[in-house]
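Okay, structure first, notes after.
Note that these values count all heavy atoms, side chains included, but never hydrogens, waters or copies made by symmetry. In listed order, ligands and their atoms are each counted from 1.
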Amino acid sequence: MICLGVETSCDETAVALVSDGVLLGQRLISQDEAHALFGGVVPELASREHLRKAYALVSGLLADTGVTARDLDVVAVARGPGLLGSLLVGVNLAKGLALGGGARLVGVNHLHAHLMAAGLERPLPLPALGLLVSGGHTHLYRMAGAMEFELLGTTLDDAAGEALDKAAKAVNLPYPGGRELDLLGRGVEPDRSMFPVPYVQNDNLDFSFSGLKTAVIKHVRSHPDLRLETLPDARAMATPELARFCASVNHAVVEALRVKTRRALQRFPQLKTLVVAGGVAANSMLRRSMAELADALAVELVLPSPALCTDNASMIAFLGERLARQGCRHGLDMEAIPRGRAVPRDYILDPAI
Ligand code: KG4
Ligand code: ZN
């Protein structure tokens, strides 16, 4: 089975080919530079960039791999959650390709794809606890299969990545700030009293990062020297105080994630695997903390390699192929689902499978 994956949910335009669970090739264009000027993703700009780049990416990938549109058995696309205009570009491209080449169309939940992505690199023992940490989401799931995701906890306000990005923006670090905070704070001892670990004095599995955001903004206001003057080459001009600030923000976010993940693993002792995925899973402090946690609780840790953590189409093709094997497909009336709306499980199930 050959499956083309299309990803345009935010600011990465990406396509990938997977055959029988193995990656044949992928192409990705990041729009970081286009949005850096504005310090965050500009939705209108993102849709236009996807539209400009997506067709050439597909034809380039097919040329790279010697696969033609008619060879495709499945066209899988991230149908949400994400920026609606951006999603529509990918969804319509996928519909056109599926219709033109006679392939099966499969709409994929972008969040579930993040959590299943590691399956491309190694076996994924299920059921597992899945921690999804990205720019838009902070979710804990009980995951048992390609279609079986039960939400156990979620953020009540900002996502973990959003909190890191906003903290970075407060000191003028370039977008996307989470990665910059990680790089600047790496190897630096955090000041644990600088920011309280947010929303852990309770009994639930939810997250809240808006209080941390406010604390960070207040801290920067009272320490204006932390702020970098100019954007280009910002990292080169960082002071030790700024590096410590970065490590301390990072620590507060990672600790909140660790406490709730630990609580979930203790509440669901039958889950012997911990999967950590999404853009923030590329964070070095989080990776170390989760490795220690998994070790202490004797669960198996599954962490995708950093390139597979941030948005990509390999994960869409991988999950799309799995869903197709289970007999799932969508009609050409499949909707794109914007952020904030639950992605429905409205597959048309093939009775023969
Ligand atoms: O999954 P992703 O690529 O896109 C969304 O679906 O949101 O996640 C993007 C988020 C951004 O907030 C970015 O700052 C963060 O992932 N990120 C990181 C790192 N690399 C990307 N955060 C912390 N440390 C990193 N190394
Ligand atoms: Zn994502």
Contacts satisfying side-chain hydrogen bond (donor to acceptor under 3.5 Å, both in side chains) that involve residues 117-128 (not counting sequence neighbours) are E121-S305, R122-E300

Those residues at least two apart in sequence (or on a different chain) that pass ring pair (Phe, Tyr, Trp, His ring centres under 6.0 Å) with Y141 are H112, H139, F149

Result, protein N, O or S atoms below 2.8 Å from the Zn ion (ligand 2), excl. waters, equals 3

Counting from 1 in the order shown, the ligand 1 atoms closer than 4.0 Å to a non-hydrogen atom of D165 are 11 (C), 12 (O), 13 (C), 14 (O)

Quick note, side-chain hydrogen bond (donor to acceptor under 3.5 Å, both in side chains) partners involving residues 57-66, not counting sequence neighbours, are R27-D64

### Message
Less than 4.5 Å apart, side chain to side chain, heavy atoms only: is that true for L97 and L4?
### Response
yes

- What about L105 and L319, same hydrophobic cluster or not, with Ile/Leu/Val/Met/Phe/Trp/Tyr joined at side-chain heavy-atom distances under 4.5 Å? no

Please report whether ligand 1 has a polar contact with N283, defined as an N or O pair separated by less than 3.5 Å (distance criterion only). yes

One finds that the ligand 1 atoms under 4.0 Å from a non-hydrogen atom of T310 are 3 (O), 21 (C)

If we number the atoms of ligand 1 from 1 as shown, the ones under 4.0 Å from a heavy atom of H110 are 6 (O)

*Flag D311 as yes when one of its N or O atoms lies below 3.5 Å from any N or O atom of ligand 1, and as no otherwise.*
yes

- prompt: Does an N or O anywhere in G279 fall below 3.5 Å from an N or O of ligand 1?
  reply: yes

request  = Assess the side chains of D157 and S208: does a donor N or O sit below 3.5 Å from an acceptor N or O?
outcome  = yes

- Query: At a 4.0 Å cut-off, with the gap strictly under it, does some heavy atom of C10 reach an atom of ligand 1?
  - Reply: no

Could you check whether any heavy atom of H114 sits closer than 4.0 Å to an atom of ligand 1, since that is the contact criterion I want to use?
yes

In ligand 1, the atoms that come under 4.0 Å of a heavy atom of G136 are 7 (O)

For atom 26 (N) of ligand 1, the closest protein heavy atom turns out to be D182 OD2, 2.9 Å

Q. When only distance counts, is L164 in polar contact with ligand 1, meaning an N/O pair under 3.5 Å?
A. no

Checking heavy atoms under 4.0 Å, the part of L183 that sits near ligand 1 is neither

### Message
Looking at E321 and D20, would you say the former's side chain and the latter's main chain have a donor-acceptor pair under 3.5 Å?
### Response
yes

inquiry  = Under a plain distance cut-off of 3.5 Å, with no hydrogens placed, do S248 and D191 share a side-chain donor-acceptor pair?
reply    = no

Per-atom filter on ligand 1: closer than 4.0 angstrom to a heavy atom of G161 are 12 (O)

N/O separation below 3.5 Å, R339 to ligand 1:
no

TODO: Ignoring hydrogens and angles, state whether a donor on the side chain of H110 or E7 is under 3.5 Å from an acceptor on the partner side chain.
DONE: yes

Any N/O of G278 closer than 3.5 Å to an N/O of ligand 1? no

